[in-house]
Amino acid sequence: MVPPNPAHQPARRTQPQPQSQSQLQSQPRPQPLPGRRMNPVLCIIVALVLLGLLVGLAILITYLTLRPKRLIYTVEAASVQDFAIGNNDDHITAKFSYVIKSYNPEKHVSVRYHSMRISTAHHNQSVAHKNISPFKQRPKNETRIETQLVSHSVALSKFNARDLRAEKSKGTIEMEVYITARVSYKTWIFWSRRRTLKAVCTPVMINVTSSSLDGFQRVLCKTRL
């Protein structure tokens, strides 16, 4: 019997041997990727910049609301009707019509008028006044106020009665306009406290012989807040 040739014998497949626990533990484990950590110095710089911006914005808002630009008031027109002064009792009766312009020069600040009182006088003696309804004035806004102040038998001092008679005989009387208002200022969402605005407009020269406004000289008022 011929022995089988080993070269012609089929190859035997070997099964992989399972790895032991010690071999598994000895294999290197994949390391997690390192995370990106913020530089603490950079964090401090960013925080300081943001804090500086907030402080600067707060200072700007405070300055705009507490120290706004002065409001500009002018008397654009003035006339008088039914002007009369009693010869015996020195009482005045008249209807004074005024056109007053208010200008807010601020770019980012609006003004709220909570109350306003306009009066007219001769040599500091008031002869008529009127209250104006509240209103709001936006930045860079011009507001025209047309009002009529009525004097109905208002007693005058001896000096003022004599002076007004003399001015009336010349055709022009010299009057004064006083404005008193309670206002507050708004910047974005911030409101200032209420403050008292006062304006004095003098001299206001009024033609008593005609109600026409021709030749009237505009009067710039002095304001104080």
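Nothing here was measured: the structure is a model prediction, and the numbers come from that model.
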Without swapping roles, check the side chain of S151 against the backbone of V127 for a donor-acceptor pair under 3.5 Å. yes

Quick one: closest heavy-atom pair of S102 and Q137, and the distance? O-NE2, 2.8 Å

Please check this pair: side chain of E167 against backbone of E174, looking for a donor-acceptor N/O pair closer than 3.5 Å. yes

Does N131 reach the main-chain N or O of S115 with its side chain, forming a donor-acceptor pair under 3.5 Å? no

Side chains of Y98 and T120 only: does a donor on one sit below 3.5 Å from an acceptor on the other? yes

Is D163 salt-bridged to K158, cutoff N-O under 4.0 Å? no

Counting distance only, does the side-chain N/O of T223 pair as donor-acceptor with the main-chain N or O of L71 below 3.5 Å? yes

Regarding S79 and Q81, is there a side-chain donor-to-acceptor distance under 3.5 Å anywhere? yes

Check step by step if side-chain contact (heavy atoms from CB on, under 4.5 Å) holds for V177 and T202. CA-CA 7 Å; V177 175; T202 183; over 6 Å; no

If we count only N and O atoms by modelled type, under 3.5 Å, do the side chains of S184 and R195 hold a donor and an acceptor together? no

Are R138 and N104 side-chain neighbours, meaning at least one heavy-atom pair lies under 4.5 Å? no

Does a salt bridge link R218 with E76, judged by any charged N lying under 4.0 Å from a carboxylate O? yes

Check G171 against N207 and note the closest heavy-atom contact, atom names and distance. O-OD1, 3.1 Å

Verify the neighbour count for atom NE2 of H152: are there more than 12 heavy atoms of other residues, nucleotides or ligands below 6.0 Å? no

Main-chain N/O of P203 paired to E176 side chain as donor or acceptor, under 3.5 Å: no

Heavy atoms, side chains only, cut-off 4.5 Å: are H91 and S153 in contact? yes

Please tell me if the side chains of I206 and F96 come closer than 4.5 Å, counting only heavy atoms from C-beta onward. yes

